[in-house]
Structure formats: structure tokens, C-alpha cells
Amino acid sequence: MYIYADNAATTKTSPAAIEAMTRCMEDFYGNPSSLHTVGQKAAEVLQKAREDVAEILGADFNEIYFTSGGSEADNQAIRSAATFGARKGKKHLISTTIEHHAVLHTLNKLEKEGFEVTLLPVGKDGIVDPKDLEAAIREDTALVTIMYANNEIGTLQPIDEIAEICAAKKVIFHTDAVQAVGHVPINVHEQKIDMLSLSAHKFNGPRGIGVLYAKRGVPLFNLIEGGAQERGRRAGTENLPAIVGMVTALKDAVTDMEAKEAKTAALRDRLIAGLSKVPHSVLNGDPVKRLPGNVNFCFEGIEGESLLLLLDEKGIAASSGSACTSGSLDPSHVLLAIGLPHEVAHGSLRLSINEDFTEDDIDYIVKAVPEVVNYLRDISPMWEDLEKGEKEHVI
Ligand SMILES: *Cc1c(COP(=O)(O)O)cnc(C)c1O
């Protein structure tokens, strides 16, 4: 038995996407910029892909820019608003404390370049209060960038309310929707979203391909200079096989989306109910306003890394909020932002599932996790202190 429960990190490329990519490489090998027939055939495939993505997102085809993935789309969106904002004297950017590093690190860099950044806090539920946003917007605010769904704790932000506020105040609104696209319904025009990032490998498409949607009239800065591809906004010969694979996966993801969402959410709730029985554990993020496939728990007295390695031995691939960066073990900025103490944030477990899971898979996880948690607690000096009452339980 091997259970892959790390779909928020990346997904398995679907057989349909692989087949479409292979066929594209065989049949449409021309450069879409070439004037001959082979090139023009490729250009037609590219145009059709652009129209398909636009239709699924509720956008126009000329608002779709293909990028190398979510990170690039985030970088381009933020750099664009900053660059064109600065020309009008607007050098204030608003985001949240729980964004992906593609957003946070870009903002950090802009701060060093003279921009002012406000990071809105989130509540214990991992959700931004739109009133905080309203209060933070100033005359010189060039951009609000708030993620659609968080990659660690799965919380869904009140995007419609946020977009309304930005529209009323005439501030550009970008959302990193990498975790949300293909999993929850999105319509960029109806939802008044000005810019949106997505990435194919989070919905069973290939790595290294994504989209930046930018509403007509929202100017884009060129991250990559060169040829005139992507309406002159992103140079480089288009990665047509990856684009075709992405569109194939996206079409599959949005087919019967509501039924798949409901099935996945029911499995998620079964998993949450099972893991909630572990003593001194806590579910991170809002129980309802979260991605259908996301479960994130902290277990007091253990290290997330040890938990992951032992679960892997039991045939479960999961992830932890804590990342080991350059030797120092920093707990996740997201878990700290929702108010967890450092020592608890270290013991986190993220399980990201999908509609292909069975109840048996869930029950296997529900049985395996407490076994591993108990084992780790039994050998933990920290847990001994807690049990002897020398330290107080936090959760
Ligand atoms: C995965 C992810 C990204 C990065 O996307 P890549 O295509 O891997 O560059 C950005 N934001 C969020 C929320 C993600 O989950």
C-alpha cells in the first residue's frame, strides 16, 4: 500500500495530459512564430489552448499569458503593479503574512528597492479580515496581493469581498490562486480579479508551466526580455507541449468539479474527524472555509520531520509545515501567523488528498498517524516533561 497524500506539493501528471503532450511533440513541433505551415499549425494549437484557458477562467484569450509556473506569474504580477504604480508615485503594496514565498520574497526585495509593504495579519482561523484590508489601503497603494487558498493550511480567503474593496478603491488586486484553480470554481471577470496566478502541476498537469491572467488595461512589466511572444510581455519560444498538457489537465479538473469537490471534502472531513481523536492535537485553519483536499494538524511534543519519515515507512507520503532551511529548523511562517507557539508549530502534518482516495485509504491514515505519534511521544524527553507536569500542555 502506498498513499500519496502530498498533492499540495505537486500532483501526478495525468495519463491524458501525458498523452496530449506526447502527441503535441510529434504532430505540432513547429515554432508558432514561424510563417510556414508547420509553424502555423502550432500557432493554431497555441491559440486554441489560450482560448480554452480563458473560457475556463472566465477571461478573454488576450488576457492570458503563459509563464513557467506559479512563481514566475507571482513575480511578474507583483513587479508589474510595483513598476507601473511607482511611475504614478504609488509605492505601497499590501499582502498577508501567510503568502507563498514567491510572493513574500518578491515583496521583501521590493521593500529593499524603496517600496513600503503592509502585511495583513490573519486570525487563528488563517483568514484575513476584509476590514483590515479596507483600513490598510492608502492613496499611494499600488497593489493588493492576497492568495486565494493557502498552500499549508488550505484556508480560503474571502476573495469576493476583497476584490470588491479593491475595485471600489481602484487598487489593482492580484491573487495567487495556485492551490485553488482546478479545485474550487473561479471566474475572474465575475469575481473582479485583476490578476491571477496558476500553475499546472497543482492540478495534474506538468511542471514548469503556468498562467498569469491580467485583465485588459492592467499593464505588465517584462520579467523576460527577448522575442515578441505573449503579446510582447514574456519572451521565449512557447512551451507548447506543456501548455497543451496543462489545458488537458485543467479541462479534466473542472469537469464535474462540484461532485469531485463534495467527494473530496467528505473524505477530508472523515480524516479530520479521525485525527481529532489524537490527544493534544489541533486542526490548523478553518474547518469549513478550506480546500476540499487539505488537512493540517499539529501534534504536541513531536517533530514534524520524524513524523513524516515514519509515515513514509508505513507507505504514506505527507508533508510538514516546518521546512529545514540551510541547517536551521524554522517553523512555518503560516503556522506562526495563526498564533501557534514555536514548539507546537514544529509538530505539524499536512495531508493533501484528492477525489481518487478511498475511505480505506483515509482509515489507513487514521490508524497509522496515532501509532506514529504515540511512538514518537514515548521516546520524547519533551513529552515526558509534559506528562510529569513539569511543563504545561499548550494544546
Ligand atoms: C506551488 C505554489 C506556487 C509555486 O508554483 P510553481 O509552479 O511551483 O512555481 C506558488 N504559490 C502557491 C500558493 C503554491 O502552492
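FYI, the numbering just counts along the sequence from 1. Each ligand, and each atom within it, is numbered from 1 in the order the structure gives. What's counted below: heavy atoms across the whole structure, side chains too, no hydrogens, waters or symmetry copies. Computed from a prediction, not measured in an experiment: that's the story for all the values here.
Considering backbone and side-chain N/O of Ser199, one or more are found under 3.5 Å from N/O of ligand 1. On a distance-only criterion, Lys202 and ligand 1 share at least one N/O pair closer than 3.5 Å. Among the atoms of Gly70, some N or O lies under 3.5 angstrom from an N or O of ligand 1.
Leu198 places a side-chain heavy atom less than 4.5 Å from the side chain of Phe203.
No part of Ala102 comes within 4.0 Å of ligand 1, judged by heavy-atom distances.
Using a 4.0 Å cut-off to heavy atoms of His201, the atoms of ligand 1 that qualify are 6 (P), 7 (O), 8 (O). Close approach of ligand 1 to Ser71 (heavy-atom distance below 4.0 Å) involves ligand atoms 4 (C), 5 (O), 6 (P), 9 (O). Which parts of ligand 1 touch Asn151 is read off a 4.0 Å heavy-atom cut-off, strictly below it: atoms 13 (C), 15 (O). If you number the atoms of ligand 1 from 1 as listed, the ones under 4.0 Å from a heavy atom of Gly69 come out as 7 (O).
Under the side-chain hydrogen bond (donor to acceptor under 3.5 Å, both in side chains) rule, Arg350 has a single partner from Asn294, Asn296, Asp6, which is Asp6. When Ile159, Asp194, Asp74, Thr145 are each tested for a side chain to side chain contact (heavy atoms under 4.5 Å, CB included) with Thr175, only one passes: Ile159.
Taking the six-membered ring where the residue is Trp, Trp383 and His280 present perpendicular rings, their angle passing 60° and hence far from 30°.
Between the side chain of Ser320 and the main chain of Gly304, no donor-acceptor pair closer than 3.5 Å is present.
In this structure, atom 3 (C) of ligand 1 lies nearest to the protein heavy atom His100 NE2, 3.5 Å.
Of the candidates Asn150, Asp176, Thr175, Ile98, it is Asp176 that places a heavy atom closest to atom 13 (C) of ligand 1.
Under a hydrophobic-cluster definition in which Ile, Leu, Val, Met, Phe, Trp and Tyr are linked whenever side-chain heavy atoms come within less than 4.5 Å, directly or via other members, Val254 and Ile243 are assigned to the same cluster.
When all heavy atoms are compared, the tightest approach of Thr96 to Leu104 is O-CD2, 3.6 Å.
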